[in-house]
Structures are given as structure tokens and as C-alpha cells.
Amino acid sequence: MLEEVERWLIDRSWSVADRPLHRILAAKRATGQSVSVVLPALNEEETVGDIVSVIRHDLLLQTPLVDEIVVVDSGSTDRTAEVAAAAGARVVHRDEILPRLPAVPGKGEVLWRSLLVTRGDIVCFVDADLRDFSSDFVSGIVGPLLTEPDVQLVKAMYDRPLGAAAGEGGRVTELMARPLLNMHWPQLAGFVQPLGGEYAARRSLLEQLPFPVGYGVELGMLIDALHLVGLDALAQVDVGVRKHRHQDGQALGRMSAAIYRTAQLRLARGHLIRPALTQFERSGENFEPRTYSVDTEERPPMAEIAEYQARRVA
């Protein structure tokens with residue numbers, strides 16, 4: 001590990017207990033910054049309501065740390081939107097945001113569009129499939145942005161149990177993302193959960209970053225932020241344990257392909273063919289090939305979008 005990273009682990013890796021809520025709230029009042037929480041959601045009716053309810057109760061009504069909770073629905077066919085709204089979130093459908101640009105499937109697409117329907121100086125992203133959710137996930141990663149002026153982006157770190165096995169979750173992180181980062185971006189080797197969906201950043205940074213439209217968004221954002229603001233502007237906070245719905249092996253394969261492609265594009269920008277991933281599923285006596293395109297599209301920095309520029313002037 002680089003000496004720079006060893007120092008960073010001491011200076012920029014914290015625990016949620018390092019910043020009591022009263023201290024974070026005092027910093028928010030002193031700086032006058034506002035906080036938006038965004039949940040990207042696709043068919044998450046079982047969990048999204050509980051997450052919204054906890055954030056609203058703990059951090060909006062009981063302690064006024066969060067100014068708005070926005071759920072961006074990316075085409076759910078269940079009751080995600082209704083459940084989220086009933087729990088107190090403002091729900092916006094992905095296709096209603098920036099309608100002149102047809103939306104494409106993908107988590108990154110939703111996060112990118114969310115910048116147009118939120119107002120917070122700090123934007124906090126939280127996945128909508130978390131179980132046994134604690135508001136520490138929000139206060140923990142927002143805290144350094146309010147108390148440390150030089151910090152620009154904060155990732156949550158946590159244990160990720162797989163069933164009863166502690167620390168066995170995060171298979172794509174360990175098999176794909178961590179080797180890539182250690183080999184090509186060793187300054188980022190200190191991040192415990194580089195692909196985690198819980199992170200917060202200053203709007204002034206997010207609006208300058210391109211957003212891969214799919215699963216590569218977290219890796220791409222981390223790499224691009226490193227190049228734009230430097231390692232010391234990045235941080236991580238231990239928030240405990242993250243429980244969520246785990247995907248099957250083939251879904252993880254498609255996720256890995258998208259993440260690898262995101263890294264590849266950052267290693268060698270240029271005229272690259274559109275890649276595909278072929279996987280196999282048993283059908284009777286045979287294995288049938290299934291081929292999937294790999295996400296390669298990226299949205300430009302939001303600061304370049306005319307509608308966003310107009311909103312900032314208004």
C-alpha cells in the first residue's frame with residue numbers, strides 16, 4: 001500500500017461515533033448548507049418505505065439535518081412509488097426529469113437525473129433495498145461534509161454479511177473492483193466499500209462529474225473524483241452493518257462486466273467497440289447462451305446541461 005494511502009486511512013477514515021449528531025447539526029446551522037437524500041428505486045416496495053420513514057423521523061422531524069427526501073422511481077411495476085410517498089418522500093419518475101433526453105435503463109442514469117430535481121448543497125445517495133436500516137448511514141456520511149471544509153465526497157464503509165456469513169458479501173467488490181483499483185488506481189486502495197451505494201458529496205463536485213448510466217457509476221465517480229479533487233478530498237465513514245437483497249451469480253457477472261468496462265474507458269479513452277457478455281443457462285439437456293450488451297454510455301457532467309444551468313440562474 002502506498003504511504004499516501006496509509007496516511008489517508010488515518011486522516012480520512014472515521015467512525016459514525018466520531019461526530020455526534022448535535023455536532024453535525026451545529027455545523028449545518030453554522031454553514032447554512034442544505035442536505036438532500038436521494039433513493040434510486042426499482043421495484044423496492046418491501047424496503048423503500050421503512051428507509052424513508054427512518055430518515056424522515058430521525059433526521060427531518062426529530063433532528064433537522066435533512067432538508068428533502070427524494071425517491072427517483074426508474075420504472076417500477078410494483079407499489080414502490082405509492083409506498084415511498086406514503087412514508088413521506090417526494091417521488092419523481094425518472095422519465096419526468098429532462099424529458100428531451102430519452103432515459104436509458106441503469107442506476108447511474110437515475111442518480112444523474114436526480115441532480116435536476118434536488119436542491120441540496122450536499123447530496124446523499126442511499127440504495128432502496130436496505131434492510132434493518134439505520135439513519136447512521138445518512139448522518140455518518142453527511143457529517144464530514146459539514147464539519148470538514150476540504151472534504152468533497154464521503155463513502156460509507158460497513159460489514160456486508162451474506163446470509164449468516166459475516167464479511168462474505170460484496171463479491172463484485174472483492175473479485176473485480178478491488179483488484180482493478182489496486183492495480184490501476186492504487187491511491188484508491190484504502191476504500192473498504194468502493195462500490196457501495198451509500199455516499200454523499202457536494203453538489204459542486206457531482207455536477208462536474210460524468211455519470212456512467214449503469215452499474216459502473218460508483219467506480220467511475222470515485223476514479224473521476226480522485227482526478228478532479230485529489231485523494232485528501234475523499235473520505236469514508238464506518239456505519240456498521242449493511243443488509244440488503246443479494247443478487248444471483250449471473251446478475252453479478254453482468255455487473256462485473258459493466259464495472260470493468262467503466263474502468264477500461266478510463267484507462268484508454270478512444271474508439272472502442274461496444275462490448276457484450278455471453279453467459280450460459282441450462283435448458284433441458286443443453287446450456288443455452290444468453291448475450292447481454294454491457295453498459296458503455298455515460299451522461300456528461302450535469303453542469304453542461306442547459307436546463308441545469310437555467311435552474312442555477314433562476
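Because only heavy atoms are used, hydrogens play no part in the values below, and waters and symmetry mates are left out as well, while side chains stay in.
Annotation: side chain of Leu39 is in contact with side chain of Val48 (closest heavy-atom distance under 4.5 Å). Between Arg12 and Val151 the shortest side-chain heavy-atom distance falls below 4.5 Å. A 4.5 Å side-chain heavy-atom check between Asp232 and Glu4 finds every atom pair outside the cut-off. Two residues are said to be in side-chain contact when any heavy atoms from C-beta on lie closer than 4.5 Å; Trp112 and Glu207 fail this criterion. Residues Leu205 and Leu153 form a side-chain contact, since some pair of their non-hydrogen atoms from C-beta on lies under 4.5 Å apart. Residues Leu234 and Val229 form a side-chain contact, since some pair of their non-hydrogen atoms from C-beta on lies under 4.5 Å apart. Contact of the Val71 side chain with the Val92 side chain is not registered, since no non-hydrogen atoms from C-beta on lie closer than 4.5 Å. Here the side chains of Glu288 and Arg290 are in contact, with some heavy-atom distance below 4.5 Å.
Annotation: Tyr308, atom OH; neighbour count of heavy atoms from other residues, nucleotides and ligands within 6.0 Å is above 12.
From Ile223, atom CD1 reaches atom CG of Leu209 across 11.5 Å, with rounding to the nearest 0.5 Å. Here the straight-line distance linking atom NE2 of His57 with atom OG of Ser135 works out to 9.5 Å at 0.5 Å rounding. From Arg261, atom CZ reaches atom CD of Glu298 across 9.5 Å, with rounding to the nearest 0.5 Å. Here the straight-line distance linking atom OG1 of Thr63 with atom CG of Leu25 works out to 6.5 Å at 0.5 Å rounding. To the nearest 0.5 Å, atoms CG (Leu228) and CE (Met221) are separated by 12.0 Å. From Leu267, atom CG reaches atom CE of Met183 across 9.5 Å, with rounding to the nearest 0.5 Å.
Residues Thr80 and Glu45 bring no donor and acceptor atom of their side chains to less than 3.5 Å of each other. Checked by atom type, the side-chain pair Arg202/Gln33 shows a donor-acceptor distance below 3.5 Å. One side chain, Glu218 or Tyr199, offers a donor N or O that lies under 3.5 Å from an acceptor on the other. Side chain to side chain, Asp50 and Thr47 fail the donor-acceptor criterion of an N or O pair below 3.5 Å. In the model, Arg203 has a side-chain atom that pairs as donor or acceptor with a side-chain atom of Thr118 under 3.5 Å. Using modelled atom types and a 3.5 Å distance limit, the side chains of Ser34 and Asp121 yield a donor-acceptor pair.
Considering all non-hydrogen atoms of both residues, Asn182 and Ala189 come closest at OD1-CB, 3.4 Å. Here the shortest heavy-atom pairing between Val142 and Cys124 reads CG2-CB, 4.0 Å. Nearest heavy-atom pair across Lys155 and Leu222 is CG-CD1, 4.3 Å. Across all non-hydrogen atoms, the minimal contact from Ala156 to Gln193 is O-CB, 3.7 Å. Looking at every heavy atom in both residues, Gly216 comes nearest to Ile259 through CA-CG1, 4.2 Å. Shortest non-hydrogen contact noted between Val154 and Pro144 is CG2-CB, 3.9 Å.
Of the candidates Leu111, Val213, Leu115, Arg299 forms a side chain to side chain contact (heavy atoms under 4.5 Å, CB included) with just one, namely Val213.
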Apply side-chain contact (heavy atoms from CB on, under 4.5 Å) to residues Gln236 and Ile141 and explain how you reach the verdict.
CA-CA 7 Å; Gln236 60 184 352; Ile141 57 179; over 6 Å; no

Would Arg90 and Ile69 satisfy side-chain contact (heavy atoms from CB on, under 4.5 Å), going step by step from the backbone distance to the final call?
CA-CA 6 Å; Arg90 176 162 61 93; Ile69 307 169; over 6 Å; no

Phe133/Val138 under side-chain contact (heavy atoms from CB on, under 4.5 Å): CA gap, chis, key distance, verdict:
CA-CA 10 Å; Phe133 179 78; Val138 174; 4.2 Å; yes

Report the C-alpha separation of Arg119 and Ser36 in whole Å, then their side-chain angles, then the decisive distance to 0.1 Å, and conclude whether the side chain to side chain donor-acceptor pair (under 3.5 Å) test is met.
CA-CA 7 Å; Arg119 291 284 183 178; Ser36 299; over 6 Å; no

Quick one: do Glu109 and Arg113 satisfy salt bridge (charged side-chain N to carboxylate O under 4.0 Å, His left out)? Show the steps, please.
CA-CA 6 Å; Glu109 177 82 354; Arg113 290 175 184 260; 2.8 Å; yes

side-chain contact (heavy atoms from CB on, under 4.5 Å) between Leu59 and Leu21, worked out
CA-CA 9 Å; Leu59 302 179; Leu21 197 53; 4.1 Å; yes

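Looking at Arg23 and Asp18, no side-chain N of the basic residue comes within less than 4.0 Å of a carboxylate O on the acidic one, giving no salt bridge. Classification of Glu68 and Arg56 as a salt-bridged pair fails, no side-chain N sitting under 4.0 Å from a carboxylate O.
Checking side-chain atoms of Gln208 against main-chain N and O of Pro301 turns up no donor-acceptor pair under 3.5 Å. No donor-acceptor distance shorter than 3.5 angstrom exists from the side chain of Glu6 to the backbone of Leu2, with no hydrogens or angles considered. For Asn43 (side chain) and Ser76 (main-chain N/O), no donor-acceptor pair under 3.5 Å exists by modelled atom type. With hydrogens and angles disregarded, no donor-acceptor distance shorter than 3.5 Å links the side chain of Asp159 to the backbone of Val241. Under the 3.5 Å distance criterion, the side-chain polar atoms of Arg94 are matched with a main-chain donor or acceptor of Ser74.
Ring centroid separation for the pair Phe191 and Trp8 comes in under the 6.0 Å cut-off.
Connection of Met157 to Leu226 is not established within any shared hydrophobic cluster, with ILVMFWY side chains joined at heavy-atom distances below 4.5 Å, either directly or through further cluster members. The hydrophobic cluster containing Val5 also contains Leu188, counting ILVMFWY residues as joined when their side-chain heavy atoms lie under 4.5 angstrom apart, directly or transitively. In this structure, Leu175 is not a member of the same hydrophobic cluster as Leu195, with clusters built from ILVMFWY side-chain heavy atoms closer than 4.5 Å. Side-chain heavy atoms closer than 4.5 Å link hydrophobic residues (I, L, V, M, F, W, Y) into clusters, and following such links, possibly through other members, connects Val117 to Phe125. Hydrophobic cluster membership is shared by Leu181 and Leu9, with clusters built from Ile, Leu, Val, Met, Phe, Trp and Tyr side chains linked at under 4.5 angstrom.
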Return all side-chain donor-acceptor pairs below 3.5 angstrom for residues 96-106, not counting sequence neighbours, or 'none' if the list is empty.
unit_1	atom_1	unit_2	atom_2	d
Arg100	NE	Glu307	OE1	3.2
Arg100	NE	Glu307	OE2	2.5
Arg100	NH2	Glu307	OE1	3.2

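Contacts of Glu198 classified as salt bridge (Lys or Arg N to Asp or Glu O under 4.0 Å), with partners at least two apart in sequence or in another chain: Arg242.
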